[in-house]
Amino acid sequence: MDTWQRRTGYYLLALGGIMLGYALVYHWAMSTFEGIDRTFLRSLQIVVETFTTTGFGSDASSWDTWQTNLLVIVMDLTGVVLIFLALPVLLFPLFEETISTTPPTAAEDVEDHVVICAYSPRIDMLIDELDVFEVPYVVLEPDRDRAAELVEEGVEVVHGDPESMETLEAVNLGSARALVADVDDSTNASIVLTAKAAAPDVRCITFVEDPDIATYHRYAGADQVYSPRRLIGESLASKVTTGITAEVGDAVEIGEDFEIVELPVMAGSELVGETIAESGIRERTGANVIGAWFRGEFVSPPSLDARLDEQTILLVAGHERQLEPLKEMTLSEKRRRRRGHVVICGHGEVGSTVKERVTAEGVPCTTVDKEDYEGVDIVGDVTEKDVLREAGVDEASTVILALSSDTMTIFAALVVRQLNPEVEIIARADQTESVRKLYQAGADYVLALATVSGRMLASTIFEEDIISYDKQVEVVRFEPGQLVGETLAGADIRAETGCTVIAVERNGAVITDLAPEFEIQEGDDVIVAGPDENITEFAARYD
């Protein structure tokens, strides 16, 4: 019995008892004070009329004594109070329940889908990826109100307990391609146990906030276990180890010796202040600029008149021999002279992972944290100038902001940028809404926890169909679909979708030298780069 039904039952019992009590008192008062003998049923009728106001006054001519009139006044007030109490307590919830959205409790006619327990920001990113590839999914949400909100937002959701065998069977888990558990560490393990009992062959993927719990998830039957903070820590570290040297790393390999990579333009480099046309990147290196981030906003393709500054990140494709000289062009002389000194702000799961990876690469680093944990070099507030100066921010090549609060991260970015305008700032963000603010505060590169985790999930589910999950754009391999028989110039894919075709795989060979007259044939795989919304547009139009 739900809350509303229980509340209604109590109310009706109380109302019946009060009316019965008033009927007994009224029957006694009419006999004692007015000298009128009534049947008890007649007295009960008068009380009902008084409470409901449907026949009020039918016995009024008989009320001559003050005692009886006082009793009637009290009955009137009691009836009004009970009516006004019933409106907010009973009628309003009933009205809201009547007009509210009722989330489904089962999924029908769905197979080869992904069962997701439950909804979160990284799940939102995963759903975007699933929509691109037209893979069906069902979100299991235990909170009914949240499930109703998701239904109204267009999310395929089922209300139910993800730890329940009946609920998992109701979403056809046996025919699903994967189950993703993202509730909390203990609940995720319980979900996996139930899922493996319901469908032993289903692929189970879980998240853990505490990496030490991962072992128990595997014991429960999880096929993959991921720690989001460790994941983003490794991604941040990869940006450090490639950003402080002139060697190109962390690139997405498309074919033999052909890669796509993001290159931040450093303050003081020869590219700062020039337009893309003036830089002569294509003519001087042979690499193709297929997109660029200008202060947090991605543009693909960038205008030839777009001016580069120290907050520009170029997305380029080319052979290693072409990318190496371009990397040199993005570095400043001052950065080269002091490469290797990294300051890590925050020594939690993310910061400690960054330090572990950076130290393994032989890069010296200094760790700052408010708490005196093992491995912390300087204890202090990273938003205080004196603490940052002691850590060597003035002479650092890179500062990693691995703080747990986005608000503190944004403020720390402002302080670091004021202390050292030329230092590279790489930041972690918990919320995707904070990414733009961090770029505005002076960060050179920002990785959002939800974005990295969501794309990693998609990469796992699709078994590497999504080539990169820690970049700010996606590189996706598509079948040619409606592009068969079209030339690149004729299809004008950039203008139509904002995506760039960077390579075509044909008969096992990757073709990267794509002239405008290149024609796409049946059986080709088209490799496309672009931000999420543009990839979705490409899939909807051509795939």
Side-chain angles (χ1 to χ4, degrees), residues 101-144 146-151 153-208 213-228 453-466 469 479 539 543:
T101 302
T102 302
T105 56
E108 299 179 0
D109 301 325
V110 61
E111 58 183 17
D112 197 29
H113 56 299
V114 179
V115 177
I116 304 170
C117 318
Y119 193 81
S120 67
R122 55 177 158 252
I123 295 304
D124 187 46
M125 178 61 65
L126 171 62
I127 290 174
D128 288 343
E129 305 288 355
L130 296 175
D131 287 339
V132 168
F133 291 93
E134 298 182 352
V135 173
Y137 68 89
V138 176
V139 175
L140 266 178
E141 177 55 56
D143 185 279
R144 187 183 185 282
R146 182 58 176 144
E149 292 176 2
L150 293 173
V151 169
E153 293 172 9
V155 177
E156 298 295 331
V157 65
V158 166
H159 169 53
D161 181 6
E163 298 178 74
S164 164
M165 180 81 73
E166 292 76 11
T167 301
L168 293 179
E169 290 175 347
V171 296
N172 300 326
L173 182 64
S175 61
R177 68 164 62 188
L179 176 141
V180 177
D182 189 18
V183 182
D184 58 59
D185 288 359
S186 56
T187 304
N188 290 346
S190 175
I191 291 171
V192 171
L193 286 170
T194 307
K196 288 297 185 180
D201 296 330
V202 72
R203 188 180 185 189
C204 293
I205 305 167
T206 66
F207 280 103
V208 291
I213 302 296
T215 301
Y216 303 111
H217 282 212
R218 294 189 181 94
Y219 285 158
D223 298 284
Q224 280 93 21
V225 183
Y226 296 109
S227 170
S453 302
R455 286 182 177 166
M456 179 276 305
L457 271 177
S459 179
T460 301
I461 291 170
F462 295 130
E463 297 181 348
E464 303 303 327
D465 280 342
I466 295 175
Y469 61 79
E479 294 181 357
D543 190 28

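None of these values were measured; they are calculated from a predicted model.
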I'd like to know if the side chain of [X] and the backbone of [Y] have a donor-acceptor N/O pair within less than 3.5 Å.
X	Y	result
Asp223	Ile205	no
Asn188	His217	no
Thr194	Ser190	yes
His113	Arg177	no
Thr206	Ala181	no
Asn172	Ser175	no
Lys196	Ala222	no

Closest heavy-atom contact between [X] and [Y]?
X	Y	answer
Tyr137	Gly154	OH-O, 4.3 Å
Ala107	Val171	CB-CA, 4.1 Å
Pro103	Ala147	CB-CB, 3.8 Å
Ala118	Val183	N-CG2, 3.8 Å
Thr105	Ala170	O-CB, 3.8 Å
Ala214	Val225	CB-CG1, 3.7 Å

Distance, nearest 0.5 Å, that separates [atom1] of [X] from [atom2] of [Y]:
X	Y	atom1	atom2	answer
Arg122	Asp182	CZ	CG	4.0 Å
Asp161	Leu168	CG	CG	8.5 Å
Ile127	Tyr119	CD1	OH	5.0 Å
Glu141	Ser120	CD	OG	10.0 Å

Would you mind reporting whether [Y] and [X] have side-chain heavy atoms less than 4.5 Å apart?
X	Y	value
Pro162	Val115	no
Cys117	Leu179	yes
Ile191	Leu140	no
Ile116	Leu130	yes

Residues, nucleotides or ligands: over 12 heavy atoms within 6.0 Å of Glu153 CD: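 Count over threshold, so yes.
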Glu169, CD: over 12 other non-hydrogen atoms inside 6.0 angstrom: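 Check passes, neighbour count above 12.
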